[in-house]
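Following: one structure in structure tokens, then a few remarks.
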There are 2 protein chains.
Amino acid sequence: MSVALQIASDQSVGLGLGDERIFKDYNLVWVVSEHEVTIDRLPRFNEIVEIETEPISYNRYFCYREFRVYDQNGEKLVDIFSTFVLMDYDTRKVHDVPEDLIAPYESEKIRKILRGPKYKALGKATDTLYHVRYFDLDINGHVNNSRYLEWMYDVLDFDFLKAHTPKKINLKYVKEVQYGSDIESRLEQDGLITKHEIASNGHINAQAITQWEKI
Amino acid sequence: MSVALQIASDQSVGLGLGDERIFKDYNLVWVVSEHEVTIDRLPRFNEIVEIETEPISYNRYFCYREFRVYDQNGEKLVDIFSTFVLMDYDTRKVHDVPEDLIAPYESEKIRKILRGPKYKALGKATDTLYHVRYFDLDINGHVNNSRYLEWMYDVLDFDFLKAHTPKKINLKYVKEVQYGSDIESRLEQDGLITKHEIASNGHINAQAITQWEKI
């Protein structure tokens with residue numbers, strides 16, 4: 001996921017629309033709001049894979065981008081459909097997508113809002129407490145997106161994790177976690193479906209639904 | 001560090017002495033016992049570096065290997081001097097270095113035991129508790145070596161970490177941490193020198209001394 005996002009960032013830089021530029025010119029920052037990850041097979045140790053990314057479409061607030069991971073035979077291993085928004089750096093609010101900013105990506109303008117699954121509030125969840133660590137933070141002092149899944153999956157049973165692999169992951173980022181907070185990782189499991197919430201200070205920060213398969 | 005160790009592993013595979021082979025033929029596994037890291041400058045984002053590794057010397061129990069990280073101008077950025085031992089997989093005890101196993105590396109046989117600094121037991125340390133997580137484990141179910149430094153440094157003051165960078169790190173692995181344990185990260189700080197212990201179940205698992213510099 002980190003490498004995939006880096007490739008998207010490289011594409012933006014190649015179009016003259018790197019993070020520094022849109023921050024300087026628009027006071028905006030890109031934020032991932034949702035991922036849908038479909039896994040056929042996870043890459044193996046030392047395997048060489050090819051990752052491609054394509055800005056698919058956008059509407060007033062949301063930009064949709066796909067990532068595809070291929071093995072050396074051209075078989076698709078992983079597919080990631082991601083939703084991005086532009087956030088105003090000062091107000092921390094979602095901003096309209098500026099037409100001149102999005103035009104170079106040549107993605108399709110659509111009216112429809114593409115929604116992920118409904119993440120219902122968890123009822124009878126088990127809660128586990130985690131403390132946000134210094135090395136969970138990225139260069140801007142925000143919790144690195146990759147940590148959420150670690151907190152979510154760590155509460156699963158050891159033997160379950162050893163014997164299963166994720167096939168589909170829906171992950172929604174709701175609200176940034178602040179450094180110094182304790183976060184709760186909540187889990188509701190129904191067989192091969194696990195539902196997750198990360199919460200802190202009475203707010204939900206992230207939600208996920210994962211579909212697992214026996215290895 | 002992870003990439004450097006991977007390169008050492010690649011070298012062994014290239015010599016026909018990969019981990020699987022020495023496990024199968026000798027029932028032995030390589031274990032890092034100590035690192036001395038000297039940092040001139042840490043690599044920057046997107047910088048291309050070159051890492052070289054050289055098996056330097058060995059005695060009855062210890063094998064010494066150096067890693068050197070260079071920038072594109074050939075300037076050395078980081079130097080890592082590492083001590084490895086071979087552990088018997090069943091007894092978990094250090095094993096004599098077999099001559100036929102070490103010969104292909106063409107490193108010098110020495111009688112001297114090269115020792116790192118004395119790591120004195122910490123007296124008036126502050127203790128912070130961490131729980132070993134599923135994703136702290138490597139494929140063999142052992143805590144990944146890289147996690148120790150994370151636990152050690154996370155207890156440092158936020159503003160200190162933001163304003164300082166390590167110049168020299170001495171790190172000694174004493175005893176494997178078991179999954180499911182809680183570990184204590186102990187810190188004793190004297191200005192720009194920090195001393196660290198990781199302990200669990202009444203045993204010391206790792207010790208470190210770091211010398212920092214203001215950024």
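We name chains A, B, ... by the order of the sequence lines, and we start the count at 1 in each one.
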Self-check item: Value rounded to 0.5 Å, distance of CG in Leu5(B) from CD1 in Ile80(B)
Solution: 7.5 Å
Practice problem: Quick one: pull up CG in Leu122(A) and CD1 in Ile204(A) and give me the separation to the nearest 0.5 Å. | Solution: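 It is 7.0 Å, given to the nearest 0.5 Å.
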Quiz item: Which atoms form the tightest heavy-atom contact between Leu17(A) and Leu101(A), and what is the distance?
Solution: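 That would be CD1-O, 3.4 Å.
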Exercise. Would you mind checking which part of Leu137(B) comes under 4.5 Å of any heavy atom in chain A, side chain (CB onward), backbone (N, CA, C, O), both or neither?
Key: side chain
Quiz item: Does a side-chain heavy-atom distance below 4.5 Å link Val143(B) with Ile183(B)?
Solution: no
Quiz item: Within a reach of under 6.0 Å around CD1 of Ile48(B), are more than 12 heavy atoms found that belong to other residues, nucleotides or ligands?
Solution: no
Practice problem: Check the surroundings of atom CD1 in Ile139(A): do more than 12 heavy atoms from other residues, nucleotides or ligands lie under 6.0 Å from it? | Solution: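 Incorrect, the count does not exceed 12.
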For chain A against chain B, print all donor and acceptor atom pairs separated by less than 3.5 Å.
| unit_1 | atom_1 | unit_2 | atom_2 | d |
| --- | --- | --- | --- | --- |
| Tyr134(A) | N | Asp154(B) | OD1 | 2.7 |
| Asp154(A) | OD1 | Tyr134(B) | N | 2.7 |

